[in-house]
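A short worksheet on the structure shown next.
One is the number of the first residue; the rest follow in order along the sequence.
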Amino acid sequence: DVDDDAIVLAGAVLLRKGVTVPPGQSGTSTDRTLDNFDLSDFWTSDDGAQYLVQGDLSGSTSSDDVVIVNGAVVLQEGFAVPGLSLRKRA
């Protein structure tokens, strides 16, 4: 498995597969590296100062899908959305 996938913007490496450990991960293991990127799910602001990408973390596939904004995990599969207190209604 080659760790040569990366997100590069204006010559700056933002994220690297198998190397980058994005902060904000949930669960008992918060040191998981990025396993892949959904390149069709990569957006930037007009000036390139902010970005959003969807991808996967290494390890368990039950909590690997993530949304990363400016380098940090803001949503992670299997965990509540930060700031929301919702419960399922019957």
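Linking ILVMFWY side-chain heavy atoms closer than 4.5 Å, directly or via other members, places V13 and L15 in two distinct hydrophobic clusters.
To the nearest 0.5 angstrom, Q54 atom CD is 4.5 Å from D38 atom CG. Between N70 atom CG and Y51 atom OH the span is 6.0 Å, to the nearest 0.5 Å.
Formation of a donor-acceptor pair under 3.5 Å by the Q76 side chain with backbone atoms of S26 is found in this model. For the pair T20 (side chain) and L34 (backbone), a donor-acceptor distance under 3.5 Å is absent.
V67 is not listed as a side-chain neighbour of V73, based on a closest heavy-atom distance of 4.5 Å or more. Contact annotation: the side chain of L57 never approaches that of D35 to less than 4.5 Å [non-hydrogen atoms, C-beta and beyond].
Smallest separation of non-hydrogen atoms from V21 and T30: CG1-O, 4.0 Å. Nearest heavy atoms, G71 versus P23: O-CD, 3.4 Å. Contact between S45 and A49 at its shortest, heavy atoms only, is OG-N, 3.2 Å.
Each of S63, S58, S60 was checked for a side chain to side chain donor-acceptor pair (under 3.5 Å) with R32, and the lone residue meeting it is S63. Put simply, the residue from V66, V69, I68, V81 that forms a side-chain contact (heavy atoms from CB on, under 4.5 Å) with L75 is V81.
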Checklist entry - Hey, mind stepping through S62 and D64 against side chain to side chain donor-acceptor pair (under 3.5 Å) and telling me if it holds? => result CA-CA 6 Å; S62 64; D64 67 333; over 6 Å; no
